[in-house]
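Single-structure report; data block below.
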Amino acid sequence: YRAKQDLASHRAYEETLDHFTPEALAMRAEFAKAIRDETLTLVYQPKLRLADGALVGLEVLSRWTHPTKGPIPPVSFLPLAETTELIHPFTELVLRKAIGQVARWRAIGHEMPVAVNISANNLLEQHFADTVRTLLADADVPPQLLELEVTESAVMRYPELMLKRLHDIRAIGVRLSIDDFGTGYASLAYLKRLPVDTLKIDRMFVTHLDTDEGDRRIVRSSIQLAHGFGMTVVAEGVETQVAADLLKRKGCDQVQGFHFARPLSVAEIEAHWLARLPRRELEIAADGVAD
Ligand code: C2E
Ligand code: MG
Ligand code: MG
Ligand code: MG
């Protein structure tokens, strides 16, 4: 037992050290530079209503291309930010870019809500809600067009404090969703108190829905649970029509996944998704109330 414990603490020590190897430090410096130079880019994954296939919003996902190593996935660059103070300028940049995009789409008549992922350490920062409010006001974007996604496990790191922070965010009119639901440890008693609008069922339970009876039961109960609390349910990671049909039959509200759309660039979103939608001005003109 002793040996096992030593091994575990040794591993934890090594993992900490991993952040300080010359390679890790160089990567972090490059990442910090990408934030400063604002060369990080955003892609947008459509979120669809299952009942009629309508586009209801876009999830914002960050992308980083390292100058020599090429594209680095979020699972690799997020720890560089999340283990340091970099998480604050990183999230601010993502929010500012995403909110700016919402403003540009509004200017051409598209009211398109976006959802931005945030980390536990963003919520721990006392003035985070103020920062979000200021960014929205500076771009003249209504708070209802922004949703913040926070993972169930991030919330459960400091349940009581997070509850307070989530209430602060909800108070400015921004919507909230619990991401990767089913992989954290929220109790029913805690869920009941969460001021969130949406539960996003983790991809882990959705991808093999067509073959895994256990996953089907988890998804069915999650949908009932969310609806019981008056929340909207989104299933992420929908890769097949079979999964989409199952989700629709079980009453899931919205879906995201490669079967419908991958995360896309602004140009792709505009060409393949927004181009099909009526614009606000045109709708108003058709109703005869344009001024
Ligand atoms: P997430 O928020 O749960 O986002 C969904 C992830 O699943 C994205 O991966 C997306 O590309 C991927 N995905 C979507 N549909 C499918 C599908 O049908 N099949 C499969 N296999 N994958 C699908 P991505 O972009 O690599 O992001 C991974 C995670 O990194 C995100 O998970 C989110 O937690 C985090 N992340 C990404 N961008 C940001 C950001 O700007 N800020 C923060 N704090 N976290 C971010
Ligand atoms: Mg998300
Ligand atoms: Mg997720
Ligand atoms: Mg995830």
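We're numbering straight along the sequence, starting at 1.
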Partner residues of Pro73 under the side chain to side chain contact (heavy atoms under 4.5 Å, CB included) criterion, sequence neighbours left out: Val75, Ser76
Closest non-hydrogen atom pair between Glu149 and Ser177, with its separation: CG-OG, 3.2 Å
Judged by modelled atom types alone, do Asp245 and Gln241 share a side-chain donor-acceptor pair under 3.5 Å? yes
Backbone N/O of Leu50 and side chain of Gln254: donor-acceptor pair under 3.5 Å: no
Can we say Arg217 and Glu213 salt-bridge, meaning some charged N sits less than 4.0 Å from an Asp/Glu carboxylate O? yes
Could you pull out all residues at least two apart from Glu111 that satisfy salt bridge (charged side-chain N to carboxylate O under 4.0 Å, His left out)? Arg106, Arg280
Spacing of CG belonging to Leu25 relative to CG belonging to Leu80, to within rounding of 0.5 Å: 10.0 Å
Cut-off 3.5 Å, side chains only: do Gln224 and Lys250 have a donor facing an acceptor? no
Under the side chain to side chain contact (heavy atoms under 4.5 Å, CB included) rule, collect the residues that match up with Ser62, sequence neighbours excluded. Leu42, Phe77, Phe90, Val94
Identify, with sequence neighbours excluded, every residue that meets side chain to side chain donor-acceptor pair (under 3.5 Å) alongside Glu23. none
Leu124 backbone acceptor or donor facing Tyr158 side chain under 3.5 Å: no
Donor-acceptor pair, side chain of Arg193 and main chain of Ala189, under 3.5 angstrom: no
Inter- and intrachain pairs under side-chain hydrogen bond (donor to acceptor under 3.5 Å, both in side chains), touching residues 128-140, at least two apart: Asp130-Arg133
In this structure, CE of Met112 is separated from CG of Leu58 (nearest 0.5 Å) by 5.5 Å
Would you kindly confirm whether Val234 and Val155 end up in one hydrophobic cluster when ILVMFWY residues are joined by side chain heavy atoms under 4.5 Å apart? no
Could you give me the CA-CA distance, side-chain angles and deciding distance for Val150 and Leu166, then say whether side-chain contact (heavy atoms from CB on, under 4.5 Å) is met? CA-CA 10 Å; Val150 51; Leu166 294 175; 4.1 Å; yes
Under 3.5 Å, is there a donor-acceptor pair linking the side chains of Ser119 and Glu82? yes
Quickly, which of Val255, Val238, Asp253 forms a side-chain contact (heavy atoms from CB on, under 4.5 Å) with Leu48? Name it, please. Val255
Rounded to the nearest 0.5 Å, how far apart are CD of Glu236 and CD1 of Ile201? 9.0 Å
Distance to the ring centre below 6.0 angstrom and angle to the axis at most 45 degrees; does that hold for Arg262 and Phe258? yes
Is the NE2 atom of His208 crowded by more than 12 outside heavy atoms at less than 6.0 Å? no
Please say which of Lys200, Arg203, Lys47 ends up in a side chain to side chain donor-acceptor pair (under 3.5 Å) with Gln256. Lys200
Val56, Val206: one ILVMFWY side-chain cluster at the under-4.5 Å cut-off? no
Going by side chain to side chain donor-acceptor pair (under 3.5 Å), name the residues that satisfy it together with Arg49, two or more places apart in sequence or in a different chain. Asp52
Could you pull out all residues at least two apart from Arg96 that satisfy side chain to side chain contact (heavy atoms under 4.5 Å, CB included)? Glu38, Leu93, Leu135
Mind checking side chain to side chain contact (heavy atoms under 4.5 Å, CB included) for Leu225 and listing every partner two or more places apart, or none if nothing turns up? Phe181, Leu188, Leu191, Phe229
Between NE2 of His272 and CG of Leu55, what distance do you get to the nearest 0.5 Å? 13.5 Å
Do Trp105 and Tyr44 have ring centres separated by under 6.0 Å? yes
Contacts of Ser265 meeting side chain to side chain donor-acceptor pair (under 3.5 Å) (sequence neighbours excluded), chain-then-number -> Glu268
Sub-3.5 Å donor-acceptor pair from the side chain of Asp212 to the main-chain atoms of Asp215, do we have one? yes
Distance check, rounded to the nearest 0.5 Å: Lys33 atom NZ versus Thr39 atom OG1? 7.0 Å
His167: partners by side chain to side chain donor-acceptor pair (under 3.5 Å), with sequence neighbours left out: none
Work out which heavy atom in Gly182 is nearest to a heavy atom in Phe205; give both atom names and the distance. O-CZ, 3.4 Å
Heavy-atom closest pair, residues Leu199 and Ala226: CD1-CB, 3.7 Å
Any chance you could measure Asp168, atom CG, to Arg170, atom CZ, to the nearest 0.5 Å? 12.5 Å
Partners meeting ring pair (Phe, Tyr, Trp, His ring centres under 6.0 Å) with Trp64 (sequence neighbours left out): Phe31, His66
Supply the members, apart from Val43, of the Ile/Leu/Val/Met/Phe/Trp/Tyr cluster built from side-chain contacts under 4.5 Å; use none for a lone residue. Leu61
Please step through side-chain contact (heavy atoms from CB on, under 4.5 Å) for the pair Val174 and Val132, ending with a clear verdict. CA-CA 9 Å; Val174 166; Val132 175; 4.1 Å; yes
Any donor-acceptor N/O pair, Asp197 side chain to Leu176 backbone, under 3.5 Å: yes
Is the backbone N or O of Ala115 less than 3.5 Å from a side-chain atom of Glu147, with the two atoms forming a donor-acceptor pair by type? no
Kindly indicate, with the supporting measurements, whether the criterion side chain to side chain donor-acceptor pair (under 3.5 Å) is fulfilled by Thr91 and Asn122. CA-CA 8 Å; Thr91 300; Asn122 295 130; 2.8 Å; yes
Using a distance-only test with no angle check, is there a side-chain donor-acceptor pair under 3.5 angstrom linking Asn117 and Glu59? yes
